[in-house]
2 protein chains.
Amino acid sequence: METRHRLPAAERRESILAAASVVFGERGYAGATTDQIATAAGISQAYVVRTFGSKEALFVEVARRAVGRIAAAFRSAIEADDGRPVDRRLGEAYLDLIADRGILLSLLHLFSLGSDPAIGPVGREGFLTVYRLVRDEAGLSPEEASHFLAEGMLINTVLALHLHESEDPDALELVTQACGGDLSRFRALAAG
Amino acid sequence: METRHRLPAAERRESILAAASVVFGERGYAGATTDQIATAAGISQAYVVRTFGSKEALFVEVARRAVGRIAAAFRSAIEADDGRPVDRRLGEAYLDLIADRGILLSLLHLFSLGSDPAIGPVGREGFLTVYRLVRDEAGLSPEEASHFLAEGMLINTVLALHLHESEDPDALELVTQACGGDLSRFRALAAG
DNA sequence: GTCTATAAGGGGATAGAC
DNA sequence: GTCTATCCCCTTATAGAC
C-alpha cells in the first residue's frame, strides 16, 4: 500500500481496477461514484476517469476481468482432477472466489443490468461464457450446469445481502446450505 | 389508463407503486430516477416524491409489496393441493410471477443492496421471510428450501439479463432449464 | 503520471400556486 | 390532489498546470 506518486501506467490501471471492483461490488454500477473509487485507490477522481475514459468503460473492464477470473478458476479446477466429481471441484473453486468479494458482487450487479444498452450485452456474454464453460469443458449436462449456476446465484445473493453476518439462526442455516456446509470462506471475510 | 387529475390518494399511491416497480426493476434503485417513475405513472416528479416522502421510502415500499406478493402466491400454492408435490406447485407459482416483471426484478435489486444501511435490513428480512415460508409453511427441508431459492435466483438473473430474448441457442437451452422446461411465462413477456 | 479547478448536467427535494 | 418553478447538491468529465 501507499507507494503513491508515479506508478507505471499498467500498475496504476491494476490498482484502480482492484479498487473499482470492491466499490462497484458494494454499491452497484449506478450507486458507485468515481470519487469513491478514486479514494479507495488513493488517487484523484479526475485521474480515474482519465485512465479509463469513462465510468462505464471502467465498469465494463471490471466486469470482463471478473468473468475471466471465474473462467480461470474453473479451468484450474477442471484440470486438477483429484478424484472428486468435477462439480464438487467447481463448487469449491467458486467458494474460493468469495475471498475477493468484489469479483462475485460486481458480477451480481452486472447481471442485473441486462436492460442497459451498453452493459447488457457484456452481461449476457459473460453469463453464457460461464455456462458454456461448465457444460462443455467440465462436461456437465445442461441440467447439471443450470443447477450449478443456480447455486452460484444463491451464493452471490447471500453474499450481497450480508446474510453471513446476520445473527439470525435461520440466516446461518441458509448460508450453511448455500455453501454446502463449508462456512470457512464466509467466516474468513472481514465484516464490512 | 389516463384517468388523470384527482384520483383518491389510495388509488394514486397504487398507480405510483406499480410504475415504480417496473422502473426500479429495470434500472435498479440508484439507476432509476423519480422523474422516470413519474413519467411512467403519468404525473409530475414532484408529486411522486411528495407522496412517499423520498425515493428511498418509495423503493422500500415497492420492495415490501413485492415480498408480500410472493408470500401470498406461495401460500395459495401451498393450500391448493392438487396432488402434485408442493415444490412443484411453488415453482409454478414463482413462474407465474414473471408476468409482472417488476416484482421479481425489484427484488433482485433489493437483494443486491445489503450494504445499504437503510435498504439492507429490508432485503435481509424479505429474503428470510421467503425462506421461512417455504421451509415452515410448505414443509421443505432446509436443503430443499435452499435449492428452491437457488433456482429462483437463477430465474431472476435470466430475466434481468433478458436471456429469454436472446437468439443464442445456448441462451435458449439455459432458459429452458431454468424454468423447468415450461417456457410459456417467458414467451408471454413483451420484449422490452 | 498525476493533480487542482471547474464546467456542465442531472436529480431529489421543497415552496407555493391552483 | 396535483402542478410548475426552482434550489442546491452531487457527479462525471474536461482543461490545463506541474
Side-chain angles (χ1 to χ4, degrees), chain A residues 1-24 26-63 109 113 115-119, chain B residues 1-63 106 109 113 115-119:
Chain A
M1 290 284 141
E2 297 316 308
T3 318
R4 299 307 300 279
H5 260 347
R6 297 209 160 258
L7 284 194
E11 280 181 44
R12 186 55 87 188
R13 277 183 71 92
E14 294 304 321
S15 80
I16 296 173
L17 284 166
S21 175
V22 173
V23 176
F24 281 135
E26 249 168 41
R27 316 237 188 187
Y29 172 62
T33 70
T34 53
D35 192 56
Q36 290 162 349
I37 294 166
T39 301
I43 58 175
S44 72
Q45 181 268 333
Y47 192 26
V48 169
V49 173
R50 163 161 292 218
T51 304
F52 290 88
S54 68
K55 179 187 176 183
E56 186 178 270
L58 172 57
F59 182 73
V60 167
E61 180 72 13
V62 166
H109 289 291
L113 297 177
S115 297
D116 186 283
I119 298 175
Chain B
M1 289 282 140
E2 297 316 307
T3 317
R4 300 306 300 281
H5 259 348
R6 298 211 160 257
L7 283 194
E11 280 180 44
R12 186 56 85 190
R13 277 182 72 90
E14 294 304 320
S15 81
I16 296 173
L17 284 166
S21 175
V22 173
V23 176
F24 280 134
E26 247 167 46
R27 316 238 187 187
Y29 171 62
T33 70
T34 54
D35 192 56
Q36 290 161 349
I37 293 167
T39 300
I43 57 175
S44 72
Q45 181 267 334
Y47 192 26
V48 169
V49 173
R50 163 162 292 216
T51 303
F52 289 89
S54 70
K55 179 188 177 183
E56 187 178 88
L58 172 57
F59 182 73
V60 168
E61 181 71 14
V62 165
S106 288
H109 289 291
L113 296 177
S115 297
D116 185 284
I119 298 175

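Just so you know, these numbers come straight off a predicted model, no measurement behind them. Labels below follow one simple rule: chain letters A, B, ... track the order of the sequence lines, proteins then strands, and each chain is numbered from 1.
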Checklist entry - For nucleotides 5-10 of chain C, read 5' to 3', which letter fits each nucleotide if B means a protein heavy atom sits under 4.0 Å from the base, S means only the sugar-phosphate is that close, and - means neither? => result B-----

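Using a 4.5 Å heavy-atom cutoff, the side chains of A/Pro8 and A/Glu11 are in contact.
Contact annotation for A/Ala32: backbone-only contact, meaning every heavy-atom pair under 4.0 Å involves sugar-phosphate atoms and none involves a base.
Side-chain nitrogen and oxygen atoms of A/Thr34 include at least one within less than 4.0 Å of the OP1 or OP2 phosphate oxygen of D/dT12.
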Sequence neighbours excluded and cut-off under 3.5 Å, please list the side-chain donor-acceptor pairs for residues 41-48 of chain B, or say none.
unit_1: B/Ser44; atom_1: OG; unit_2: B/Tyr47; atom_2: N; d: 3.3
unit_1: B/Gln45; atom_1: NE2; unit_2: B/Thr34; atom_2: OG1; d: 3.1

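For A/Arg13, the side chain to side chain contact (heavy atoms under 4.5 Å, CB included) partners are A/Thr51, A/Phe52, A/Glu61, not counting sequence neighbours. Residues meeting the ring-ring contact (aromatic ring centres under 6.0 Å, His included) test with A/Phe59, sequence neighbours left out: A/Phe24, A/Tyr29. Listed by chain and residue number, B/Ala19, B/Val23 satisfy the side chain to side chain contact (heavy atoms under 4.5 Å, CB included) test with B/Ala40 (two or more places apart in sequence, or in another chain). The side chain to side chain contact (heavy atoms under 4.5 Å, CB included) check on B/Ala118 picks up B/Glu56, B/Asp116, with sequence neighbours excluded.
Contacts between residues 48-60 of chain A and DNA chain D, defined by a heavy-atom separation under 4.0 Å, are made by A/Val49, A/Arg50, A/Ser54, A/Lys55.
The two residues B/Arg12 and B/His5 come nearest to each other via the heavy atoms NH2-N, 3.9 Å. For the pair B/Ser115 and A/Glu26, the tightest heavy-atom approach, listed with the atom from each and the gap, is OG-CG, 3.5 Å.
Between the P atom of C/dG12 and the OH atom of B/Tyr47 lies a distance of 18 Å, rounded to the nearest Å. Taking atom CG of B/Asp35 as the reference point, atom C1' of D/dT4 lies 13 Å away to the nearest angstrom. Taking atom CD1 on A/Ile43 and atom C1' on C/dT4, their separation rounds to 14 Å, with Å as the unit.
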